[in-house]
Number of protein chains: 2
Amino acid sequence: MTTGMPLLLTVEIAPFTICAERLAVLLVRQAATWRLPGGPVGCQDDLDDAARRHLAQQTGLSGIYLEQLYTFGAPGRSSGQRAVAVAYYALVRAGYSLAESVLASGETRWVAVDEMPHLALDHADIVALAQRRLAAKLAYSTIALQLLPEDFTLSQLQAVHEIILGEVLDKRNFRKRILALDCIEVTGEMARRHGHRPARLFRAKCPGQVDFIK
Amino acid sequence: MTTGMPLLLTVEIAPFTICAERLAVLLVRQAATWRLPGGPVGCQDDLDDAARRHLAQQTGLSGIYLEQLYTFGAPGRSSGQRAVAVAYYALVRAGYSLAESVLASGETRWVAVDEMPHLALDHADIVALAQRRLAAKLAYSTIALQLLPEDFTLSQLQAVHEIILGEVLDKRNFRKRILALDCIEVTGEMARRHGHRPARLFRAKCPGQVDFIK
DNA sequence: ACAAAAGTGTTTTTGTTACACCCATGT
DNA sequence: ACATGGGTGTAACAAAAACACTTTTGT
């Protein structure tokens with residue numbers, strides 16, 4: 001085994017949320033270009049910890065779902081020093097408020113995935129890959145619950161699926177399928193939004209946990 | 001962005017094959033312990049290229065299916081210098097003959113996954129994760145074809161599935177399902193093994209390519 | 001009263017599972 | 001002739017898809 005080499009290892013995180021009925025990713029501006037939050041992996045950092053640390057420092061996000069995605073290491077991906085990036089994606093519950101201090105600067109903002117500006121390096125590839133992974137996971141896990149607040153309605157959950165999949169789903173079939181999974185339960189509370197019948201609120205039986213199904 | 005840091009990046013590859021009706025992984029011996037082939041990522045290497053290079057150098061394997069699996073970076077995973085490993089798995093077609101020079105040394109051998117010795121570092125985790133990924137991929141891709149020679153019988157393909165899944169499958173249902181995928185075709189040739197009716201040989205319509213199905 | 005979203009079952013279609021016998025060859 | 005694996009179809013069942021109307025609230 002040889003000794004160290006001049007190679008930079010970074011983590012880059014694509015944080016997703018549902019915002020204004022669309023899937024959005026959180027970008028930070030650096031100099032003139034937009035990029036994903038992230039940065040170098042410290043010498044004593046676990047990779048996941050490094051990702052959480054940079055995410056918290058650059059965006060204030062913490063305590064959210066985070067999953068390793070893929071490691072990008074093409075020699076040409078960064079100009080200058082050779083950099084290898086361990087890419088992650090993260091899920092932020094709808095309605096999560098970023099700290100004023102973070103948003104006010106204008107250096108950090110949610111951008112709908114179909115309206116993204118040009119991103120630094122290969123960050124657009126990371127977002128595209130994460131989006132595909134997320135869509136695939138809807139079919140065999142309870143991951144969508146990570147994009148909703150603790151209490152939510154079935155219509156909200158259906159909307160999350162529809163937005164990510166980009167197609168409309170049948171309400172009755174959707175509800176039947178979700179309830180059969182036995183991963184959510186009624187709270188007894190009602191969501192009273194205006195102008196129509198109130199909806200029952202549900203919550204995850206195992207919040208914070210993403211289960212595989214079937 | 002900071003400059004380089006004393007952090008070692010390696011690739012580690014779990015090469016699988018079907019050997020004597022079992023799933024086996026290729027191990028190399030280093031000092032007193034067995035480990036997966038792999039080694040440091042050079043400064044100009046693409047990650048995939050680094051994996052292929054180490055694999056070729058240490059085992060003689062080349063031109064085989066290779067897929068990135070996961071990146072392992074817990075600070076305690078290596079003693080001494082901090083090392084981050086980009087893990088891969090590779091698939092070697094049954095019957096592939098390793099070069100005499102490689103095998104003769106006794107430093108390199110196929111080991112059934114359920115009879116593995118203690119492995120260096122977290123290499124046992126890599127093998128376990130790769131094995132799960134491989135089993136999962138059988139359900140939604142044509143990946144099993146990468147473990148068979150160019151021409152093969154349906155019984156051989158079924159055996160690959162059964163060995164990886166660890167369960168027996170119904171012959172008629174299996175054949176129906178596989179043929180419905182329309183990813184293999186008859187060659188017209190027959191496999192004449194001894195003592196029974198010859199089997200039709202098939203080959204992949206897109207050899208070397210792993211398609212997603214359904 | 002009306003607009004707007006919530007809630008609710010049945011039928012049809014599709015895919016999956018279970019299952020047993022004859023065939024072609026080598027010995 | 002027998003042993004060995006190769007090859008084949010159908011019926012039962014389960015899962016997924018299609019489909020429309022009533023309910024409850026706010027205005």
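- With B/Gln58 contributing its side chain and B/Gly38 its backbone, the two residues share a donor-acceptor pair below 3.5 Å.
- A cation-pi contact, defined as under 6.0 Å to the ring centre and within 45° of the axis, links B/Arg109 to B/Trp34.
- Contact between the side-chain N/O atoms of B/Arg192 and the OP1/OP2 oxygens of D/dG5 is not found at any separation under 4.0 Å.
- One finds a side-chain N or O of A/Ser155 lying less than 4.0 angstrom from the OP1 or OP2 phosphate oxygen of C/dA6.
- Atom OH of B/Tyr140 is separated from atom P of C/dG15 by 21 Å (rounded to the nearest Å).
- Comparing C/dA6, C/dT27, C/dT25 by their nearest atom to the side chain of B/His196 picks out C/dT25.
- Within the structure, the side-chain hydrogen bond (donor to acceptor under 3.5 Å, both in side chains) test picks out the following pairs touching residues 180-190 of chain B (sequence neighbours left out): B/Asp182-B/Lys205.
- The distance from atom CZ of B/Arg175 to atom C1' of C/dT17 is 18 Å, rounded to the nearest whole Å.
- Straight-line distance from the CZ atom of A/Arg193 to the C1' atom of D/dT24: 15 Å, rounded to whole Å.
- As rounded to whole Å, 20 Å separates atom P of C/dA5 from atom CZ of A/Phe152.
- Residue pairs meeting the side-chain hydrogen bond (donor to acceptor under 3.5 Å, both in side chains) criterion with at least one member in residues 87-104 of chain B, sequence neighbours excluded, are B/Asp48-B/Tyr88, B/Glu67-B/Tyr89, B/Arg93-B/Gln146.
- If you measure from atom CD1 of B/Ile213 to atom P of C/dT16, you get 10 Å, rounded to the nearest angstrom.
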**Report entry** Contact letters for nucleotides 11-22 of chain D, in which S counts primed atoms plus P, OP1 and OP2 and B counts the base, heavy atoms under 4.0 Å
**Finding:** -----SBBBB--
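- In this structure, A/Arg200 reaches the C/dT8 phosphate: one of its side-chain N or O atoms is under 4.0 Å from OP1 or OP2.
- Distance CZ (B/Phe202) to C1' (D/dG6): 11 Å, rounded to an integer number of Å.
- Rounded to an integer number of Å, the gap from CE of B/Met190 to C1' of D/dG7 is 10 Å.
- At least one donor-acceptor pair under 3.5 Å links the side chain of B/Ser78 to the backbone N or O of B/Ala83.
- Of the possible donor and acceptor atoms, one in the side chain of A/Thr142 sits under 3.5 Å from a partner among the backbone N and O of A/Asp211.
- The CD atom of A/Gln158 sits 11 Å away from the P atom of C/dG7 (whole-angstrom rounding).
- At least one donor-acceptor pair closer than 3.5 Å links the side chain of B/Thr17 to the backbone N or O of B/Val92.
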